[in-house]
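On a predicted model such as this, the values are computed, not experimentally measured, just so you know. Letters go in sequence order (proteins before strands), and every chain restarts at 1.
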Amino acid sequence: MDLATLNTPQRDAVTHGTGPLLVLAGAGSGKTRVITFRIAQLLKQGVDPRHIAALTFTNKAAAEMRERVATLLPEKSQASKLTMGTFHSLGLNILKQERKAMGFPRGFVIYDTSDQLGLLREILRRLRNGDRKYDVKSILSRISLAKNAFVAPEDFSPATFDDYDEITAEVYGKYQTALRNFAAVDFDDLITEVVNIFNRNAEVRERWASKFRYLLVDEYQDTNKAQLHMIRALIEKHYNLCVVGDDDQSIYSWRGADTGNILGFGNMFPGAKIVKLEQNYRSTPNILEAANAVIGNNTDRYGKTLWSAMKPGTPITHAIADDANVEARFVAQEIVNLKQEQQRPYKDFAVLYRSNKQAKLIEEEFRERQIPYAMFGGQQFFERREVKDLIAYLRVALNPRDEIALRRIINYPARGIGGTTVQRLTGWCASERMPLWNGLVRIQELEGVRPGTKRSVSNFTEVVNRLGIEIERGGNVVALTRGLMEDIGLVDDIQKASPNFKAAQKRIDNIESLLKSLARQQERTAGKDALVEFLRLLSLDGADDEAEEVGNSVTLTTLHGSKGLEFPVVFLIGWEEEILPHARTLMPTAADITSGDYTPDVGEERRLAYVGITRAQQELYVSRSVVRIMRGKPIPRTPSRFLMEIPEELVTERNIANEMEAPVKAEELSAFFAEFAGEFANRD
DNA sequence: GTTGCGTTTATTTTT
DNA sequence: TAAACGCAAC
C-alpha cells in the first residue's frame with residue numbers, strides 16, 4: 001500500500017483519524033481504492049480487524065472489497081477477520097446472536113419476495129373474501145417502503161384519498177403477525193428488527209456498539225431510514241463512521257433509499273468532515289463535460305464538478321434512427337465496425353437501456369449477427385420452481401409453522417389434497433386456533449373428508465415428519481434429501497410434467513446443483529445447523545451456482561444494473577421522453593392533481609442519465625428513434641430532455657436511416673434474387 | 001390439475 | 001403488440 005499513489009483528497013479520506021467522515025465520490029474517482037486503502041491503513045495503525053465493519057449493498061461488492069483489501073495487507077489472513085458484508089447479512093448475524101432476547105425461535109427462516117406475496121395473498125383472501133382484487137405487489141411494496149422508512153404497523157398512517165394506502169394500513173399489521181407466527185422474517189425485518197432490539201435492549205446495543213470501533217458504509221446514497229437507525233446505534237460508542245457515496249448516483253428512491261441520509265449527513269453527524277473526490281480517472285473530458293452539464297440541472301445536491309487529466313477524446317455520437325429497428329441495427333453494425341477498426345474485443349462494449357423490454361430488439365439483432373452478449377438482470381432467479389419446491393420440503397421439515405412453504409408442497413407432487421380439503425383444513429385450524437400443520441397431523445378428527453384423502457394427508461405428514469426427525473438427529477442432509485425425493489416421487493413427477501426430455505433434464509440438473517451446494521454447506525457446518533444456515537443464505541444470496549462467466553461478450557443491462565461498471569464504448573439507447581425520463585415519473589399522482597401545482601420531479605431520472613453517461617471511458621453513443629411502435633401503434637417520438645442538456649459542441653449528430661439503407665452490395669442483391677427465384681421455382 | 005380463451009396492462013431490482 | 005393474468009370448462 002503506497003499512499004503516494006493517491007491524490008490529495010483521496011489521501012485525506014484514507015488518513016482521516018476519528019469522527020464522522022463523508023466521502024463524496026464522483027463517478028470513476030477511485031472510491032473503492034479509498035475504502036480499501038482506509039481499511040488497510042487502520043489495520044496498519046494496529047486496529048484489530050474484528051473491530052472494523054464495512055457494509056455494502058451486494059454480496060458481490062463485499063467479496064470484491066475483501067479481496068482488494070487483502071492484496072494491500074502484508075498479512076492476508078487479517079482480511080478474513082474483518083466484518084464485511086451487506087446490511088442484511090450483518091442484520092441476520094445480529095438477529096441470530098440475539099435471537100433469545102428477540103424471542104425468535106431457533107430455526108427462523110427468511111421469506112423471499114414470492115413467499116411474501118403468497119402470505120399477503122392469503123391475508124387478503126381471508127380479509128376480503130374476493131370482493132375486490134388487489135395488486136398484491138403494490139401493497140407489498142408499500143409495506144416494504146414503510147419498513148424501510150422505519151414506520152411500524154401501528155404508526156402507519158394512510159394518505160388521504162389513497163385506497164391502496166388504506167388497504168396497506170389494514171394489512172400491514174396482520175402481515176407482520178403472520179410472519180412471526182410462521183417463525184419467519186422478511187428481508188426488511190433483517191434491518192428493522194435489529195433496530196428494534198437495539199431500541200429495546202440497551203445491553204445488547206452497547207455490546208454491538210463496543211464491538212465496532214470503525215464502521216464504513218459504501219454506496220451511502222442508497223441507504224434508507226431504517227439503515228440509518230442501525231448505523232447510528234452501531235457507532236454510538238466510538239462515533240467513527242466513514243461513509244462513501246455519490247448523491248448524483250442515487251437511483252433507488254423507489255425502493256426506499258432516502259437521499260436525505262447523504263444530503264443531511266453534516267447535520268445528522270455533527271463535526272463531520274466532508275471530502276469531495278472530483279478527479280475522474282475513467283472517462284474523457286468530453287464525456288465528463290456532458291455528464292456535468294446534464295447533472296447540473298438538478299437541485300438538491302452537494303454539487304461536484306468532475307474533471308479529468310486525459311486528452312479531450314472523441315465527440316459523443318447522437319444517433320437519430322428512423323425507428324427502433326433501425327436503432328438496434330445501428331448499434332449492432334457500429335459494434336461490428338468498431339471491433340474491426342479499433343481492434344476491440346466484444347467485452348469493451350455495453351448497451352444500456354432504461355427498461356428491460358428495450359433489450360428485446362437488441363437481442364434479436366445480436367443473435368442474427370452472432371454477436372455474443374451477456375445480459376444482466378431479468379428474473380431468472382425465481383423461475384426455478386422445482387428448486388423452490390424441494391426447498392419448501394426442507395423448510396417445513398425444519399419448521400412446520402412455515403405455512404407458506406407448507407401450502408406450496410401440500411399437494412406437490414399431486415397427492416389428491418385439493419383446494420376443497422385445504423380450505424376445510426384452514427377453516428378448522430382457524431377456529432381451533434392452531435397452525436395448519438397441526439390440523440394436518442390431526443386430520444382423522446376432521447369430519448367430511450374422504451378416507452382416501454385422509455390417508456394422503458397422513459402419508460404426507462409422515463414423510464415430512466420423518467425427514468424432520470432424521471435432520472434433528474444430525475443425519476446427512478444431502479442423503480436425507482435424496483431419500484425424500486424418492487419418497488415423494490419428485491423425479492418421476494418432473495419427468496411427467498415436462499414437455500420433453502431435455503426440459504426435464506434441465507430441471508433435474510437444477511436440483512442436482514442445489515444438492516451440490518447443500519453438500520458444500522454441510523462441509524462447513526455440522527448437522528442440522530448446516531441446513532438452517534443453508535436455507536437462510538439461499539434467500540440472502542441466491543444459489544451459489546450462478547457461474548455466469550461474462551467471457552468476451554457485449555454487456556446488455558439496464559441503467560440501474562450498470563452502476564459501478566465501466567466500459568470503453570457505451571451505447572445509451574432510447575433517449576426519448578417517456579422512456580428516459582420514464583412516463584411513470586412524468587405522470588402526476590392523485591395528490592398532485594388535488595394540490596394543483598404539479599411539476600414532475602425528474603431528478604432521479606436525470607441521475608440515471610448521469611449514471612449512464614459516466615459508464616463510458618472512451619466512446620459514447622446516445623441514440624433515439626424518430627418513430628417507435630408502442631402498444632401496437634407507431635408513435636412519433638420526442639427527444640429526451642436530457643439529450644438536449646448535453647452541450648452541442650460535444651456532440652456529432654448522425655442520421656441513421658440513410659447510412660443503413662445504402663450498403664447492400666450489388667452481388668449480394670443478385671444472390672438474394674437468385675435464391676428468391678429458386679424458391680419460387682420450387683414451389684409449384 | 002390442466003387447458004384454453006378473453007381481458008388487462010404495460011419501470012427500475014437487491015437483499 | 002404481446003405477455004401475463006384470471007376464470008371457466010374439461
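- Here the C1' atom of nucleotide B:dT14 and the CG atom of A:Asn59 are 9 Å apart, to the nearest Å.
- Distance from the side chain of A:Arg631 is smallest for B:dA10 among the nucleotides B:dA10, C:dA3, B:dT13.
- When the P atom of B:dT14 is taken as reference, atom CD1 of A:Ile191 falls 16 Å away, rounded to whole Å.
- A donor-acceptor contact closer than 3.5 angstrom links the side chains of A:Gln521 and A:Thr525.
- Rounding to whole angstrom units, CG of residue A:Asn148 and P of B:dT15 are separated by 14 Å.
- Nearest-nucleotide assignment on DNA chain B puts the 5′-proximal partner with A:Glu604, out of A:Phe57 and A:Glu604.
- Remark: the separation of the P atoms in B:dT13 and C:dA4 is 16 Å, to the nearest Å.
- Comparing B:dT11 with C:dA2, their P atoms are spaced 16 Å from each other, to the whole Å.
- For the pair A:Asp115 CG and B:dT15 P, the computed distance is 16 Å after rounding to whole Å.
- Out of B:dT11, B:dT15, B:dT14, the shortest distance to the side chain of A:His88 is found at B:dT15.
- Distance, A:Ile635 CD1 to C:dT1 P: 13 Å, rounded to whole Å.
- A donor and an acceptor atom, one from each side chain of A:Ser144 and A:Asp188, are located under 3.5 Å apart.
- Summarising the geometry, the separation between CZ on A:Arg607 and P on B:dT12 is reported as 18 Å, rounded to the nearest angstrom.
- Where stacking is scored as ring centres under 5.5 Å apart with planes under 30°, A:His560 does not register as stacked on the base of B:dT13.
- Taking only distance into account, the side chain of A:Arg354 meets the base of B:dT12 through a donor-acceptor pair shorter than 3.5 Å.
- A salt bridge links A:Lys147 and A:Asp186; the closest N-O separation between the charged side-chain nitrogens and carboxylate oxygens is under 4.0 Å.
- The nucleotide whose nearest atom lies closest to any side-chain atom of A:Trp254 is, among B:dT11, B:dT13, C:dA3, B:dT13.
- Not a single donor-acceptor contact under 3.5 angstrom links the side-chain atoms of A:Thr113 to the base of B:dT13.
- Rounded to an integer number of Å, the gap from A:Asn224 CG to B:dT14 P is 16 Å.
- Note: A:Phe571 and A:Tyr621 have parallel aromatic rings, judged against thresholds of 30 and 60 degrees for the angle between ring planes.
- You'll find that the side chain of A:Leu540 is closest to B:dT15, out of C:dT1, B:dT12, B:dT15.
- Ring orientation note: the planes of A:Phe187 and A:His88 are nearly perpendicular, at an angle over 60° on the 30°/60° scale.
- Heavy-atom nearest nucleotides on DNA chain B were determined for A:Ile417 and for A:Gly561, and the one closer to the 5' end corresponds to A:Ile417.
- Separating the OH atom of A:Tyr610 from the P atom of B:dT12 is a distance of 24 Å, rounded to the nearest angstrom.
- As judged by a 4.0 angstrom heavy-atom cut-off over every strand, A:Lys357 is placed among residues touching the sugar-phosphate backbone only.
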